[in-house]
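Accompanying notes for the structure given below.
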Protein chains: 2
Amino acid sequence: MLDRKPVDRRRQVLEAAARSFETFGYKATTMDQVAKLAGVGKGTIYTFFDNKEELFGEIMSGMIRQLRDMADRTVNPELPFVDNLMEVLHRILDYREQHALAAKLSQEVRDIGTPMAKEGLVTLERAVVAYIARHVKEAAERGEIRPCDPELTAYVMLKTYLALSSESPHLHRPLGKEEVLDYFRTYWLEGLAPR
Amino acid sequence: MLDRKPVDRRRQVLEAAARSFETFGYKATTMDQVAKLAGVGKGTIYTFFDNKEELFGEIMSGMIRQLRDMADRTVNPELPFVDNLMEVLHRILDYREQHALAAKLSQEVRDIGTPMAKEGLVTLERAVVAYIARHVKEAAERGEIRPCDPELTAYVMLKTYLALSSESPHLHRPLGKEEVLDYFRTYWLEGLAPR
DNA sequence: GAATTGACCGAAATAACAATTTGGTCAGTC
DNA sequence: GACTGACCAAATTGTTATTTCGGTCAATTC
């Protein structure tokens, strides 16, 4: 016999919390709300999670896992490193804009600066950098790119990509996906030194 | 005869305002305060400047002019483009951290997010990008670097430099001046493609 | 009569206080 | 012993009173 309960309350709570966080954000999600949505007494939540912060953390790691899986699925080992990188970054950005939770957290940080929401996005960024770093390291080991500090390189790559693709539309016109790829390739692979 | 008044009230106001803005920030600087410091009636300020915003703008352009002059003085036409660029960026960052007004505005934005202070810093960043862009353009014309969109390149260069030198100390250890120069040269001049 | 001033005004910020909400607990129920 | 929801202190929000500040302009000075 499986030791599964007649109703899996932990899952109920988790799903209700996910829905609430992505609909209302961190701050506006109340534990009463989650309990109601999960059809569970408030106390029950605290038998699974120590506090609101931990519950939120659980949702976040779920999202990050989901994002990593998606990224893994888009990587094609046949293709060159930069092409994979650009595709992954592109999808991640799309994801970040489209995924309800990430979008809501961004908005919450902009609008009211909830510290926990900020922290969540930092965690997300860290995960992205770590993911890129892994691929940079592998590409360097394969000799596809020159040796370099993977973490630092990944971080600067992400910043470059963001600068090119989305950031500060005040400072330059928005670029198309192809243009971003071109510039990224020029800057990062070939360098500006005249051939 | 010069048409200089016995006392140059405009200069008095400008100097008092500069001192006040860099000591107290934008928001905490009051027009009464400036008038007192300048030893001038409040109404007098309004004979020279339409409003507080314009007075602030005048101070800002003064600072930007001063910064550009400093940058021009550090550029050595004998040296390669990247070396000049790094030295200029380094000095500008130093300047931004040390110049009382810029530092105060950064703090004000962090602490209370005064919109006018934010706008002032954006203006400053725009000026920096424009300055770099000019040098990128010239370097490209000299054939020292390959042709590229000067504005966009300047913008991404600034972002790279900031990512390497100061930003988010959470995500990677702070780098020394030499390390920053090395990485910048690797990323921007040589590229990551294996030789 | 041109330049200068500072008392004055309304709008906006801030402080002070009251009312409500919320994360978390735990005695009691099933 | 899994589960609940009334309960509590602390934090947040709503409200009102008070102060501050950018800007004006009639009065004053030179």
Side-chain angles (χ1 to χ4, degrees), chain A residues 1-18 20-21 23-60 108-109 111-120, chain B residues 1-18 20-21 23-60 108-109 111-120:
Chain A
M1 268 291 102
L2 295 170
D3 61 345
R4 181 150 53 79
K5 315 269 176 53
V7 275
D8 187 346
R9 302 206 185 268
R10 189 173 199 277
R11 178 168 307 277
Q12 281 177 297
V13 170
L14 229 33
E15 277 168 10
S20 184
F21 281 129
T23 311
F24 305 108
Y26 181 83
K27 188 176 169 187
T29 287
T30 73
M31 296 305 260
D32 274 309
Q33 167 99 288
V34 173
K36 278 256 170 57
L37 272 172
V40 146
K42 189 160 54 145
T44 304
I45 301 177
Y46 288 89
T47 62
F48 300 117
F49 307 96
D50 282 351
N51 48 45
K52 187 181 179 180
E53 210 169 307
E54 198 189 294
L55 176 58
F56 178 65
E58 213 67 27
I59 306 287
M60 283 296 299
E108 194 175 351
V109 170
D111 293 353
I112 51 175
T114 315
M116 246 344 254
K118 211 176 289 184
E119 208 170 300
Chain B
M1 271 289 101
L2 295 170
D3 62 343
R4 179 151 54 81
K5 315 267 176 57
V7 275
D8 187 345
R9 301 204 186 271
R10 190 173 198 276
R11 177 168 307 277
Q12 280 178 297
V13 170
L14 229 33
E15 277 168 10
S20 184
F21 280 129
T23 311
F24 304 108
Y26 181 83
K27 187 176 169 186
T29 287
T30 73
M31 296 305 261
D32 274 308
Q33 168 99 289
V34 173
K36 277 256 169 57
L37 272 172
V40 146
K42 190 162 52 148
T44 303
I45 301 178
Y46 287 90
T47 62
F48 299 117
F49 308 96
D50 282 350
N51 48 45
K52 188 182 179 180
E53 210 169 306
E54 197 188 295
L55 176 58
F56 178 65
E58 212 68 27
I59 306 287
M60 282 298 298
E108 196 176 350
V109 170
D111 294 352
I112 51 175
T114 315
M116 233 5 237
K118 211 175 290 184
E119 207 170 301

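Residue numbers start from 1 in every chain, and the chains themselves are labelled A, B, ... in the order their sequence lines are given, proteins ahead of strands.
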Legend entry - Donor-acceptor under 3.5 Å (Gln33(B) side chain, Ser20(B) main chain):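 No, Gln33(B) side chain to Ser20(B) backbone: no donor-acceptor pair under 3.5 Å.
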Inset, instruction - Look at the side chain of Gln12(B) and the backbone N and O of Val40(B), then say whether any donor-acceptor pair between them is shorter than 3.5 Å. - result: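 Checked: no pair found.
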Side chain of [X] only, heavy atoms from C-beta on: which candidate in [options] is closest?
X	options	value
Thr44(B)	dG24(C), dT4(C), dC3(D)	dT4(C)
Thr47(B)	dT4(C), dC7(D), dT24(D)	dT4(C)
Lys52(B)	dG22(D), dA6(D), dT5(C)	dG22(D)
Lys42(B)	dA7(C), dT4(C), dG24(C)	dA7(C)

Given atom [atom1] of [X] and atom [atom2] of [N], what is their separation to the nearest angstrom?
X	N	atom1	atom2	answer
Tyr46(A)	dT22(C)	OH	P	12 Å
Leu55(B)	dG23(D)	CG	P	10 Å
Gln12(A)	dA2(D)	CD	C1'	13 Å
Asn51(B)	dC21(D)	CG	P	17 Å
Ile112(B)	dA12(C)	CD1	P	18 Å
Arg10(A)	dA2(D)	CZ	P	15 Å
Arg9(A)	dG1(D)	CZ	P	17 Å
Phe49(B)	dG22(D)	CZ	C1'	16 Å

Inset, instruction - Just do the side-chain contact (heavy atoms from CB on, under 4.5 Å) check on Arg9(A) and Thr47(A) with the steps written out, would you? - result: CA-CA 10 Å; Arg9(A) 302 206 185 268; Thr47(A) 62; over 6 Å; no
Legend entry - Check against side-chain contact (heavy atoms from CB on, under 4.5 Å), Glu54(B) and Phe48(B): CA-CA 10 Å; Glu54(B) 197 188 295; Phe48(B) 299 117; over 6 Å; no
Inset, instruction - State which residues pass side chain to side chain contact (heavy atoms under 4.5 Å, CB included) with Ala35(B); sequence neighbours excluded, sorted by chain then number. - result: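 Per chain and number, Ala35(B) pairs via side chain to side chain contact (heavy atoms under 4.5 Å, CB included) with Lys42(B), Ile45(B).
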Legend entry - Any residue of residues 23-37 of chain A with a heavy atom less than 4.0 Å from an atom of DNA chain D: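 Within residues 23-37 of chain A, the residues near DNA chain D are Lys27(A).
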Inset, instruction - With sequence neighbours excluded, tell me which residues meet salt bridge (Lys or Arg N to Asp or Glu O under 4.0 Å) with Lys52(B). - result: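 With sequence neighbours excluded, Lys52(B) shows a salt bridge (Lys or Arg N to Asp or Glu O under 4.0 Å) to no residue whatsoever.
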Inset, instruction - Can you label the angle between the Phe56(B) ring and the Phe21(B) ring as parallel, tilted or perpendicular, going by 30° and 60°? - result: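 Rings of Phe56(B) and Phe21(B): perpendicular, as their planes differ by over 60°.
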